[in-house]
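The structure appears below as structure tokens.
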Amino acid sequence: MSFLRFILAIFFLVSINFGVSNAHYKLTPTFYDCTCPNVIHIVRDVMEQIQRRDVRAGAKIIRLHFHDCFVNGCDGSILLNNATGIISEKDANPNVGAGGFDIVDEIKTALENECPGVVSCADILALASEIGVVLAGGPSWQVPLGRRDSLTANRSGANSDIPSPTETLAVMIPQFTRKGMDLTDLVALSGAHTFGRARCRTFNQRLFNFSGSGRPDPTIDSNYLKTLQRLCPQGGNGGTFANLDKSTPDEFDNYYFTNLKNHQGLLQTDQELFSTSGSSTISIVTNYANNQHKFFDDFVCSMIKLGNISPLTGTNGEIRKDCKRIN
């Protein structure tokens, strides 16, 4: 360890011991330079190994990160199991069937072997999300770090604050603005649906009886509708998976937005971005469909903004040894 790193490490420890105000702590990409300098390499190595056996790894992790940050901020609360005094967010409606918890556990084990008690579960979600995007061909960015883990969960908050796949744009917009996010953030972050899968039960209401009309959602392209109806027939297996992006399902690119322009968005919340008459989101979708570089730039900004929603820092919360339970 260099002399400068030694001094910084001493300052960090002294600051905590003497109770420096948490307001002085800001997330920074260099947070673990002294305490766990190989953190990025460790997370990347694990993600690369998992990606080789599970092409959905990146999509699973970024969903967990988003759902975590939208409930009480980015504090790893989504990872907690039911326990005395803890009602798990895993059982909230938006999180039922969510994957990726085993990936977090695998990363946490690797980090605990290298630098025990140092890297938070909330930071693992943020770092692994960036790495998952890069492994799928998307943009890279320096991830601000320094989050700490919550001591509790908020299932009711998960049910109310996380957009369901059947929301209208009118419902989604205030869900985002309450978190300090704007329309650009809403559209850019929805672009994470350029990879991953969704189960039939999350969109089959669009296929046969949309809004109780007895007819399919009129915003779905007719040929795409037939494809989805064959995959997800009435009375069929609601757990069957469909690609969120029909064009390049495992690559992080801007085809998701091209699909929306062609009325081939899978979830109602996807297609609403382009098919809601008079909405400002239409021009953003069109811009991203025509300019992948612009989408990537905005996506990076929105991901950093997402990761800064009410993090626990300083002496708040803890660094969990096991992401599934408090210490």
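Any value given below was found using the heavy atoms of this structure, including those in side chains, with hydrogens, waters and symmetry copies removed.
In this pair, Tyr288 and Phe295 present their aromatic rings tilted. The plane angle is within the 30 to 60° band.
Residues satisfying the side chain to side chain donor-acceptor pair (under 3.5 Å) criterion with Thr219, sequence neighbours excluded, are Arg206, Asp217. For Ser277, there are no side-chain contact (heavy atoms from CB on, under 4.5 Å) partners two or more places apart in sequence or in a different chain. Here Ser150 pairs with Arg320 under the side chain to side chain donor-acceptor pair (under 3.5 Å) rule; sequence neighbours left out. Residues passing the ring pair (Phe, Tyr, Trp, His ring centres under 6.0 Å) test with Tyr256, sequence neighbours excluded: none. Partners of Glu106 by salt bridge (Lys or Arg N to Asp or Glu O under 4.0 Å), not counting sequence neighbours, listed by chain and number: Arg53. In this structure, His41 has no side chain to side chain donor-acceptor pair (under 3.5 Å) partners at least two apart in sequence or on a different chain. Shown here are the side chain to side chain donor-acceptor pair (under 3.5 Å) partners of Thr166, two or more places apart in sequence or in another chain: Ser164. Every salt bridge (Lys or Arg N to Asp or Glu O under 4.0 Å) that Lys108 has, sequence neighbours left out, goes to Glu112. Looking at residues two or more places apart in sequence or on another chain, you find a disulfide (SG to SG under 2.5 Å) between Cys115 and Cys36. With sequence neighbours excluded, the residues satisfying salt bridge (Lys or Arg N to Asp or Glu O under 4.0 Å) with Arg155 are Asp91.
Residue pairs meeting the ring pair (Phe, Tyr, Trp, His ring centres under 6.0 Å) criterion with at least one member in residues 192-220, sequence neighbours excluded: Phe195-Phe252. Within the structure, every pair that satisfies the side-chain hydrogen bond (donor to acceptor under 3.5 Å, both in side chains) test and touches residues 94-104, not counting sequence neighbours, is listed here: His67-Asn95.
A donor-acceptor pair under 3.5 Å is formed between the side chain of Asp245 and the backbone N or O of Ser247. A side-chain donor-acceptor contact under 3.5 Å links Ser283 to the backbone of Ser280. With hydrogens and angles disregarded, a donor-acceptor distance shorter than 3.5 Å links the side chain of Thr194 to the backbone of Asp253. The backbone N or O of Leu135 sits nowhere less than 3.5 Å from a side-chain atom of Gln51 that would complete a donor-acceptor pair. One N or O on the side chain of Arg147 and one on the backbone of Gly307 form a donor-acceptor pair closer than 3.5 Å. A donor-acceptor pair under 3.5 Å links the side-chain atoms of Gln229 to the main chain of Leu207, judged by distance alone.
At a cut-off of 3.5 Å, with distance as the only test, no side-chain donor of Ser77 or Asn154 sits close to an acceptor on the other residue.
Salt bridge annotation for Arg178-Asp161: absent, with no cationic side-chain nitrogen under 4.0 angstrom from a carboxylate oxygen. Between Arg325 and Asp149 there is no salt bridge, since none of the side-chain N atoms of the basic residue sits less than 4.0 Å from a carboxylate O of the acidic one. Ion pairing between a basic and an acidic side chain is recognised when a charged N comes within 4.0 Å of a carboxylate O; Lys60 and Asp54 show such pairing.
Note on Phe257: it does not cluster hydrophobically with Tyr224, by side-chain heavy-atom contacts below 4.5 Å among ILVMFWY residues.
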